[in-house]
Amino acid sequence: MKRNIVIAVVTAAALVGGGTATALAVSGDDDDASAPVTRTDDDRDDRDDRDDRSDDDSDRAAAPGDVTAADAIAAALKHTPGTAVSAELDDGSWEIDVLGKGDTWHSVRVDPGTGKVLGSSKDDEDDAAEVRAALKGTSVTAEQAAKAAAAKGTVVSVDLDDDGDDRGWEAETRASGGDGQDWSVGLTTASVTADRDDD
């Protein structure tokens with residue numbers, strides 16, 4: 001009879017606690033006064049919830065620090081000379097793609113709080129010729145495009161759009177409320193206009 005009560009109490013604890021409960025009953029007869037050992041593991045569910053939230057947060061851009069997109073591009077180019085083609089605030093750092101000599105691509109990571117280069121690596125990209133062709137005869141760099149777009153909000157990304165006749169720099173800004181807006185920045189004039197695809 002006591003054993004049935006113990007099983008019922010453990011089952012109720014598992015249902016009420018929302019976690020998993022395990023019971024280790026010491027074998028014996030009804031006169032045995034030893035109590036079962038019960039463990040509830042609600043912490044595991046809490047950790048799973050935190051992990052789910054952190055996975056969701058990793059898909060969103062990190063909060064910008066004192067280092068602007070233009071600052072991050074300048075730091076990346078000082079570390080790795082070439083032509084900056086994109087900059088994005090992601091996973092806690094600025095990531096700047098730099099086209100070096102020939103067809104060599106580099107990805108440079110910059111700390112958004114200090115402007116320090118955290119590291120760089122070579123990338124395997126095969127579109128160097130297209131990028132060079134898109135930039136031929138232009139005068140506005142990625143750094144200048146980032147500065148121009150900063151008049152519209154905090155720049156969280158700048159990227160070269162080298163497709164078709166609408167070539168230019170694409171910039172994304174975030175307002176203080178967190179709302180994002182996409183902009184087009186001219187390759188020769190640095191004029192900033194709302195991205196037509198974003199309307």
Side-chain angles (χ1 to χ4, degrees), residues 54 56-101 104-121 123 125 127-199:
S54 65
D56 293 342
D57 292 344
S58 68
D59 294 336
R60 291 192 280 265
D66 294 332
V67 178
T68 65
D71 294 338
I73 292 168
L77 291 176
K78 185 175 180 182
H79 180 271
T80 306
T83 302
V85 177
S86 71
E88 181 179 13
L89 187 60
D90 189 35
D91 291 335
S93 66
W94 283 105
E95 294 180 14
I96 294 88
D97 289 333
V98 177
L99 177 57
K101 292 183 179 181
T104 305
W105 284 95
H106 300 274
S107 180
V108 183
R109 291 183 304 108
V110 177
D111 187 296
T114 65
K116 179 181 176 183
V117 173
L118 301 173
S120 67
S121 60
D123 280 348
E125 300 284 343
D127 59 349
E130 292 90 344
V131 169
R132 290 192 195 283
L135 291 174
K136 186 175 182 178
T138 65
S139 57
V140 178
T141 66
E143 182 179 353
Q144 292 166 331
K147 286 180 181 178
K152 304 295 186 180
T154 302
V155 178
V156 293
S157 72
V158 176
D159 190 26
L160 176 66
D161 179 4
D162 59 356
D163 293 333
D165 296 331
D166 294 333
R167 293 181 301 164
W169 294 105
E170 294 179 341
E172 181 184 355
T173 61
R174 294 277 167 88
S176 58
D179 293 334
Q181 173 72 45
D182 293 330
W183 305 93
S184 293
V185 182
L187 288 170
T188 57
T189 64
S191 60
V192 180
T193 56
D195 192 336
R196 286 179 293 183
D197 293 338
D198 198 49
D199 293 339

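In this text the structure is predicted, and so the values were computed from the model without any measurement.
Scanning both residues, Ala194 and Gln181, for their nearest heavy atoms gives CB-NE2, 4.1 Å. Across Ser120 and Val108, no two heavy atoms sit closer than the pair CB-CG2, 3.9 Å. Across all non-hydrogen atoms, the minimal contact from Ala75 to Gly115 is CB-O, 3.6 Å. In this structure, Ala142 and Val158 approach most closely via the heavy-atom pair O-CG1, 4.1 Å. What you find for Ala149 and Val185 is that their closest heavy atoms are CB-CG2, 4.4 Å. Heavy-atom minimum distance, Val98 versus Gly82: CG1-CA, 3.8 Å.
The line from NZ of Lys152 to CG of Asp182 is 13.5 Å long, rounded to the nearest 0.5 Å. Atom CG in Leu99 sits 11.0 Å away from atom OG in Ser86 (nearest 0.5 Å). To the nearest 0.5 Å, atom CD1 of residue Ile96 and atom OG of residue Ser107 are 8.0 Å apart. Atoms CD and CG, on Glu95 and Asp90 in that order, are 5.5 Å from each other to the nearest 0.5 Å. One finds the CD atom of Glu170 at 8.5 Å from the CG atom of Leu160 (value rounded to the nearest 0.5 Å). How far CG of Asp111 is from CG of Asp66: 10.0 Å, rounded to the nearest 0.5 Å.
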Check: residues 129-139 side-chain donor-acceptor pairs under 3.5 Å, at least two apart:
{"from": "Arg132", "atom 1": "NH2", "to": "Gly100", "atom 2": "O", "distance (Å)": "2.6"}
{"from": "Arg132", "atom 1": "NH2", "to": "Gly102", "atom 2": "O", "distance (Å)": "2.7"}
{"from": "Thr138", "atom 1": "OG1", "to": "Leu135", "atom 2": "O", "distance (Å)": "2.6"}
{"from": "Ser139", "atom 1": "OG", "to": "Thr188", "atom 2": "O", "distance (Å)": "3.2"}

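Contact of the Thr68 side chain with the Val155 side chain is not registered, since no non-hydrogen atoms from C-beta on lie closer than 4.5 Å.
Partners of Thr173 by side-chain hydrogen bond (donor to acceptor under 3.5 Å, both in side chains), not counting sequence neighbours, listed by chain and number: Trp183. Asp162 meets the side-chain hydrogen bond (donor to acceptor under 3.5 Å, both in side chains) test with no other residue; sequence neighbours excluded.
Of the listed residues (Asp195, Val192, Asp161), just one forms a side chain to side chain contact (heavy atoms under 4.5 Å, CB included) with Ser184, and that residue is Asp195.
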Exercise. Checking side chain to side chain contact (heavy atoms under 4.5 Å, CB included) for the pair Asp159/Glu88: CA distance, chi angles, key distance, verdict?
Worked result: CA-CA 8 Å; Asp159 190 26; Glu88 181 179 13; over 6 Å; no

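Counting only distance, with no hydrogens or angles, the side chain of Trp94 and the backbone of Val67 share a donor-acceptor pair below 3.5 Å.
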